[in-house]
> 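This is the structure I want to talk about, given as structure tokens.
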Amino acid sequence: MLLSDGRVVPDLPLDRAKVERCRALADGITGQVLELVRRHTTVAIERTALRLLGLHEAGPGGVPLVNVAVDALQARGLLGRGAAYWLAWARAGGAVSPGAVAERLATLPERPEPLAPAAERAALEEVRRDARAGVDDLLRRVRTRDALRTELGQGGRPLRYVIVATGNIHEDIEQARAAAQAGADVIAVIRSTAQSLLDYVPDGATTEGYGGTWATQENFRLMRLALDEESRRLGRYVALTNYSSGLCMPEIAYIAAHERLDMLLNDAMYGILFRDINMKRTLCDQHLSRGICALAGIMIQTGEDNYITTADADEAAHTVVASQFVNLSFARRAGLPERLVGLGHAFEIDPAREDTIARELAQALLVRTLFPDSPIKYMPPTKHKQGDIFFSHVYDVMSDVVAWLTGQEIQLLGMMTEAMHNPFLMDRFSALKAADYVRRAWRSMGAEVVLRPDGLVVRRADETLGRALALLEEVAREGLLRAISRARFGDVARAEDGGKGLAGVVERAPDYFNPLVEILEAR
Amino acid sequence: MLLSDGRVVPDLPLDRAKVERCRALADGITGQVLELVRRHTTVAIERTALRLLGLHEAGPGGVPLVNVAVDALQARGLLGRGAAYWLAWARAGGAVSPGAVAERLATLPERPEPLAPAAERAALEEVRRDARAGVDDLLRRVRTRDALRTELGQGGRPLRYVIVATGNIHEDIEQARAAAQAGADVIAVIRSTAQSLLDYVPDGATTEGYGGTWATQENFRLMRLALDEESRRLGRYVALTNYSSGLCMPEIAYIAAHERLDMLLNDAMYGILFRDINMKRTLCDQHLSRGICALAGIMIQTGEDNYITTADADEAAHTVVASQFVNLSFARRAGLPERLVGLGHAFEIDPAREDTIARELAQALLVRTLFPDSPIKYMPPTKHKQGDIFFSHVYDVMSDVVAWLTGQEIQLLGMMTEAMHNPFLMDRFSALKAADYVRRAWRSMGAEVVLRPDGLVVRRADETLGRALALLEEVAREGLLRAISRARFGDVARAEDGGKGLAGVVERAPDYFNPLVEILEAR
Amino acid sequence: MTAHDWSPGEVVRPYGDRRDDGVVQLSFVLPVPPGERAREAAVELARRMGMDQVHVAHMEAAAERYTFFVVYARTAAGVEWDRIQVPEVTVRRRGFDELVAHALREVGRKIVVLGACTGSDAHAVGIGAILDPKGFAGDPGLERYPCFEVANLGAQVENARLARLAVERRADAVLVSQVVTQRDVHRDNARQLVVELERLGARAGLVLVLGGPRVDHRLAVELGFDAGFGAGTRPSDVANYLVLAVLRRLGKEVQ
Amino acid sequence: MTAHDWSPGEVVRPYGDRRDDGVVQLSFVLPVPPGERAREAAVELARRMGMDQVHVAHMEAAAERYTFFVVYARTAAGVEWDRIQVPEVTVRRRGFDELVAHALREVGRKIVVLGACTGSDAHAVGIGAILDPKGFAGDPGLERYPCFEVANLGAQVENARLARLAVERRADAVLVSQVVTQRDVHRDNARQLVVELERLGARAGLVLVLGGPRVDHRLAVELGFDAGFGAGTRPSDVANYLVLAVLRRLGKEVQ
Ligand code: B12
Ligand code: B12
Ligand SMILES: Cc1ncc(COP(=O)(O)O)c(C=O)c1O
Ligand SMILES: Cc1ncc(COP(=O)(O)O)c(C=O)c1O
């Protein structure tokens, strides 16, 4: 198969009918969920709307104004109307500055005085205008990002994606620069361990994190500035990504867009399965977060790779594929074109087994072939990494080979110290050097290799597709929520009203008002 | 192609006519040389004959008796008759013990009294009997080796070949055992740097060597005993190899056979090109050494891999192939069946270049396909190894992949510290662990991969064969000696009467007597 | 002298290619650009670690101001084998059936086990490998043992909640997994649980076990746990330990 | 503080993932079987090398009585950048043509260069890379320079013979390659040449250069040579040095 970027990968014969059926089933599955999504809003969604409307800063004690406001509204059971409505209401009441607005919303009476119809219409119109202004501003910023990317151009495919995670944004910047100098094309700043469970976005530049660095607007800004500078110096655009995930999916998407991030890890189910976040909450949040990514041209990356860290990569291969169909469908429903949906998968089969390369090739080629227009993101081995860095390095390099042969678009580089700690500077260097060698050495092999038609690889790919189809049939029958509660993905079972953040899900009132949603749905 | 050991490698279409022509040319080339060989003997050849006839030990000052005797004979210009003749002569004169014989030969008068025809006939007959007895004893020992190998069986193909080279035989033994425990199938004890230029074989167990351990009969014996024991413990036969190379090729072959070595590095031209040994000398010596290997069922391994350490592996690929045809022809003329001729080649293309895998695959597959009955020996990268052990380890593993995909029979494992020092215990361990993983992971890929008919690999292989043919045509025209003097192999030029050891080459007298040669030629 | 006649009491030293040569391989990055001076700095650094015959095998720019080094050197350091003290979780290992029978007989009821990966640590696979039926590396998990009543609370469990549940469910043993160790978050987190349990006066009555890839027995004990298990632990190791420890708690010293 | 405002005078320390964290990676083998005790021995060993926060990342049997370890730890060691003295072969580098013109003009004749890989060392590629026309890494070899008259004697050249030839051919410079370094054979071998040359009273009149992958300037000087070149040397480095050194010998200090 000839890829859009000119690379050639071995042809993988697929049963088109099966593929079409999978897509159709996925659309059915997400369709059901979308109804639920449209009937609800969440504290995160409302906070996002308020951010767009100017409530950026944090108040005393670092509590973001949007949390002050939204928590109060929810406490009074007023959130169903939409925080933007109450902002309009507060403004009509004379509150002007963000602080004043938050203050006013935080101190609403039991039954707030309704506005006169005309005043209300005027107030909402003004808020709509502000929202559009906010969006226009956002788009201006996004265009500068796109302009620089086009001006400098990016590295060859697959883009080399590495992680920084010192916990200290300044040290992160130093290492991101070093990584870029060593050849990295994408920098991911890993978040602090606890962040996904926070129902607010921390504020300001941070220097202490656990297993990662806090995702804050200021940290985003500082890192992107440093990368702009480094990109210019290197004459190669270095992209930045972070996580729109956890309890603040849409807010982070908005902040990220504002600070010109290029990509975001954003998965419709990751939070549910791997952070035990309530499913309704995540499903509502992901939709808006993806709408924002669509608006801002941010490429999302899904997290199916995670499934095979909890489930067995060999047996659960089909769950990855099934989930990708669902994730893609959710994304398209949020307005994302396929070229912005970086479906994720990984090289995770236990290296103690035999013929792992044949199966990894089958999986990687299957995903590549199923979703030709998606910038597929390939993850290296992680779960079976050993403290033996020499072995782990070799193990990573095998995934480099498969990534190259199968024409992945974005390749997260494995670290030989994966089993021990977040990457050190020298780990990234060695990983980049090895990946470089593999790309050079295997250059034309994707075009050289023809797969035996009745061979292991071809049969395995077909079998996986078949099992993915069967799983989708099942999920379509049960409905997604039920399926998740039955551990259909990643061997993880989550109850419909279990998990964190359910309290933050609210029925929309008939007169629910959210100008951001209006704008996104109007596109 | 289905290999005799059951492995399948990608099919490589070859022009049969070209192949046949190469074989024919090689036979022509070696035919000419054999005439020269038959007209001459060398001090090494004569020493070997005397060893067979019982002159094992070393005299005072550790000088081997065979050297005492042969040097004296040559000094008096009597060597053309054959040392064995003079041994018969000395015996007839009453010298019995090896010491006495050596003594007598060392002190021959100017014109030794000729023996009466009858006495002479009797004396020579007796020596012939002794020679046959010596050979029978040798064969008995060889059979015990073969019996143990059959009893225990060897590891899977490719056999994993590692080097020990501490300089101290006792430490070598310790490390050989450790390597065997870690999975090695073949142990090569590298010789001390200087040994190939010594015109005698040192004596006894040694504990000091440079870049290797002295090859002595006692060292051979000690190592083989240790490996017998280790093999039994592991239930897997671990083979031993050393070098029949340099100025003592046939002597070492004889000693090795006696001590039950399984293989020997033995190349018809290596000594000439890489040790600057006179070509006549080496060409004569290699013939007898190979005759002995044939007799003792020792698998030889040729050294074409060395060419591409001096010449550019990419440009000189065809010289490797051409030389293999010649080496094989020499071996067959010495009575070696193809199954005992381990032709050598290597993964040596500069890793800084592009598409090295395609070219390495082409080369490895070409050699494998050209010589289906030879136990091909594959060498890892060496010349372009770096002090960056992490990179070098990855680089080695790529050669593991190629070795596996192309069904090599014996694989010398690359060491990540190749650029620094002789292997450490931990280097071998990591190499074996990685090779193991590659074999497991790529298990069926040889059968999965079909090469594009008009692809890089296929075209490159055909081109190399074509250039090898052209080179053979040239060498056939010029004659081998001339060709070598014109640097046709390994970019190294050697003069016909330059180099070391020419003085040790002697015309055979019409009545030249050498019972060992008689026995070998009678087979 | 070869390792084959190695005997305790000797000083143990790194082995490169001959006994006691003290060879070690190092790699590190220095925040300086490559060059002769940087090389010399690397050599000097190794010397200050007490090494000699320092060979800088590789020096390469890992970034503009950072240089990656690979070094081989010899250390004079050695350790006296006898002097090494290791606190080990030593138990007479019983087979599955034997252990179950023994436990049921001696305890007279099922041993209640609570397991969780605590704090913000979301790594559930490790604790799952120990508790869930499918176990680890073919070794069945604790839920398979009829002598245990197991509840795996999963990951991200707050210490306070875990302590409360331990009391409510009258747990005999609480198994805690800690996988994220950056900035020693696992230490604080583990200690916090001990505090919580003590607050509820429940610590003494419990067998408290810590586990994780960067955990060892010594660390666990130091943090106020009864035992610690590290990378590659098999459920059967834990099962054997638990039965013994619980019996001890119940004053039954039977082995 | 980041490397970007790094400045000499500071103490340079290994950089893992933050400035001055002192992180180094080690690997080594201990001649003992794996186990808790072996692990502790590895930890203790690292401590004796002055490291703390020692993490044994991996312990595996490399053979029955040998255990392979991978260790990450932090060293307190650091080096003062200013204090580092490096003897360097510093030459103002000239381009090919400029150098040739300069040499021919100042010397007034070709500079006679003899090169060899001496003793039993058969590694001819290194010296060939410096002398032979095709050179190294695209950098042409000395034979390409019209200002040099080069003879590459190849490998395995006895020191006595090389010394004799140096005198006979009135060599201005002798280039020696040493690649095999086991048991310090290269040191003895290099020293031997110096002795031979002195015996013939020829040392003083010569520029004597040593090279090889494990050679550096300091070592060469220590062995009685004028300069040393290591791994990755380019012919042009050597050419520039030779012209300068020969001119010095001829009492012409021109730069
Ligand atoms: C799988 C995985 C994940 C999955 C977890 C899925 C899940 N539900 O468990 C996902 C993708 C969600 C994940 C996320 C993160 N991870 Co993670 N993850 C891993 C990974 C790749 C494998 C861990 C694993 O499952 N191992 C397999 C199990 C069986 O092994 P084990 O845990 O060691 O358990 C064995 C023993 O330790 C012992 N054991 C373990 N627990 C217990 C308990 C008891 C009582 C006993 C007796 C024994 C015992 O028995 C087990 C069987 O032998 C490791 C890297 C690695 N290879 O170790 C990184 C790793 C642990 N993750 C890491 C990090 C930093 C994170 C993140 C914080 C990154 C981020 N900022 O996004 C996040 C957030 C997670 C969080 N909030 O805690 C780091 C931790 C670094 C450190 N030293 O602190 C690691 C080491 C990767 C790295 N090099 O950066 N991760
Ligand atoms: C090629 C090679 C061989 C070839 C040599 C062919 C030939 N005619 O040269 C063959 C196969 C014959 C060979 C044999 C042996 N080799 Co060898 N060989 C190598 C290998 C793989 C590459 C060396 C090479 O050509 N490098 C390329 C050149 C361009 O690099 P270079 O030599 O470093 O030269 C550069 C610089 O150092 C400098 N330079 C070098 N010399 C000089 C001189 C001057 C004056 C100047 C200014 C600069 C300069 O400039 C050059 C360009 O930058 C090395 C491993 C490695 N990767 O280094 C082992 C290696 C050198 N060999 C080794 C050994 C032990 C041997 C043997 C002794 C093994 C044996 N017992 O059989 C034999 C015997 C050789 C002998 N008698 O000396 C060891 C040496 C270990 C040690 N530290 O002592 C090595 C390191 C392999 C190993 N890890 O064991 N070898
Ligand atoms: C899709 C996705 N989101 C988020 C994360 C990171 O976890 P958290 O959201 O807890 O920071 C990951 C990490 O693997 C991921 O794959
Ligand atoms: C065929 C052959 N002979 C011999 C040797 C070893 O060299 P020497 O004979 O000098 O020990 C090698 C090493 O590469 C070789 O390939």
Side-chain angles (χ1 to χ4, degrees), chain B residues 165-168 174-184 190 192-198 208-212 230 233-234 273-277 306 309-312 350 352 383 385-387 389-390 416 419-422 424-430 432-433 490-494 499-500, chain D residues 25-34 58-71 116-129 132-134 136-138 152-158 161 178-189 212-214 230-232:
Chain B
T166 67
N168 176 329
E174 179 62 18
Q175 293 199 25
R177 286 178 181 274
Q181 290 162 13
I190 299 286
S192 179
T193 310
Q195 182 157 8
S196 39
L197 303 183
L198 297 184
E208 275 302 320
Y210 299 98
E230 202 59 44
R233 288 184 56 257
L234 298 169
L273 300 171
F274 298 94
R275 289 293 173 278
D276 194 11
I277 292 172
N306 298 294
T309 60
T310 45
D312 181 279
D350 186 345
K383 180 176 182 177
K385 281 287 179 64
Q386 298 188 359
I389 54 176
F390 298 98
M416 66 175 98
M420 281 86 80
H421 49 243
N422 286 149
F424 287 158
L425 194 147
M426 62 181 168
D427 302 333
R428 276 184 225 103
F429 165 72
S430 294
L432 283 159
K433 187 174 176 181
D491 274 359
V492 184
R494 300 300 188 191
K500 316 202 163 32
Chain D
Q25 170 271 326
L26 289 102
S27 73
F28 51 81
V29 161
L30 294 181
V32 297
H58 192 69
M59 169 173 72
E60 183 176 356
E64 282 165 18
R65 316 274 190 99
Y66 293 90
T67 304
F68 174 62
F69 292 92
V70 174
V71 171
C117 182
T118 59
S120 63
D121 196 330
H123 294 89
V125 178
I127 185 72
D132 302 350
K134 78 164 172 260
F136 183 71
N152 179 357
L153 306 176
Q156 301 182 152
V157 178
E158 295 86 5
R161 172 154 171 263
Q178 287 290 278
V179 176
V180 175
T181 57
Q182 278 215 345
R183 308 253 172 293
D184 283 339
V185 62
H186 61 308
R187 290 170 166 269
D188 314 346
N189 200 23
R214 282 156 288 279

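The chains referred to below are lettered A, B, ... by the order of the sequence lines, with proteins before strands, and numbering in each begins at 1.
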> With the side chain counted from C-beta on, respond yes when Gln182(D) and Thr193(B) share a heavy-atom pair under 4.5 Å apart, and no when they do not.
no

> For Arg494(B), which residues count as a salt bridge (charged side-chain N to carboxylate O under 4.0 Å, His left out) partner, sequence neighbours excluded?
Asp276(B)

> Pairing donors with acceptors under 3.5 angstrom, does anything connect the side chains of Gln175(B) and Tyr66(D)?
no

> Tell me whether Phe28(D) at atom CZ has more than 12 heavy atoms from other residues, nucleotides or ligands lying less than 6.0 Å away.
yes

> Only counting residues at least two apart or in another chain, list the ones meeting side chain to side chain contact (heavy atoms under 4.5 Å, CB included) with Ala419(B).
Lys385(B)

> Under a 4.5 Å cut-off applied to non-hydrogen side-chain atoms, are Asp312(B) and Lys134(D) in contact?
no

> Heavy-atom cut-off 4.5 Å, strictly under: side chain, backbone, both or neither for Gln195(B) against chain D?
neither

> Tell me, side chain or backbone of Arg275(B) under 4.5 Å from chain D's heavy atoms, or both, or neither?
both

> Among Asp350(B), Asn422(B), Thr310(B), which residue has the highest count of heavy-atom pairs closer than 4.5 Å to chain D?
Asn422(B)

> How long is the span from the CD atom in Glu230(B) to the CD atom in Glu64(D), to the nearest 0.5 Å?
6.0 Å

> Given that the side chain runs from C-beta out, which part of Ala165(B) has a heavy atom under 4.5 Å from chain D: side chain, backbone, both or neither?
backbone

> Can you see which heavy atom on Ser430(B) is nearest to which on Phe68(D), and at what distance?
OG-CZ, 4.3 Å

> Roughly how far apart are Tyr210(B) OH and Asn189(D) CG, rounded to 0.5 Å?
10.0 Å

> Testing the basics here: between Lys433(B) and His58(D), what is the closest heavy-atom pair and its distance to 0.1 Å?
NZ-NE2, 3.7 Å

> Below 4.5 Å, heavy-atom pairs only: which of Leu432(B), Asp491(B), Leu425(B) has the largest tally toward chain D?
Leu425(B)

> At a 4.5 Å cut-off on heavy atoms, which part of Ala61(D) comes close to chain B: side chain, backbone, both, or neither?
backbone

> Measure across Phe274(B) and Gln156(D) and return the closest heavy-atom pair with its distance rounded to 0.1 Å.
O-OE1, 4.5 Å

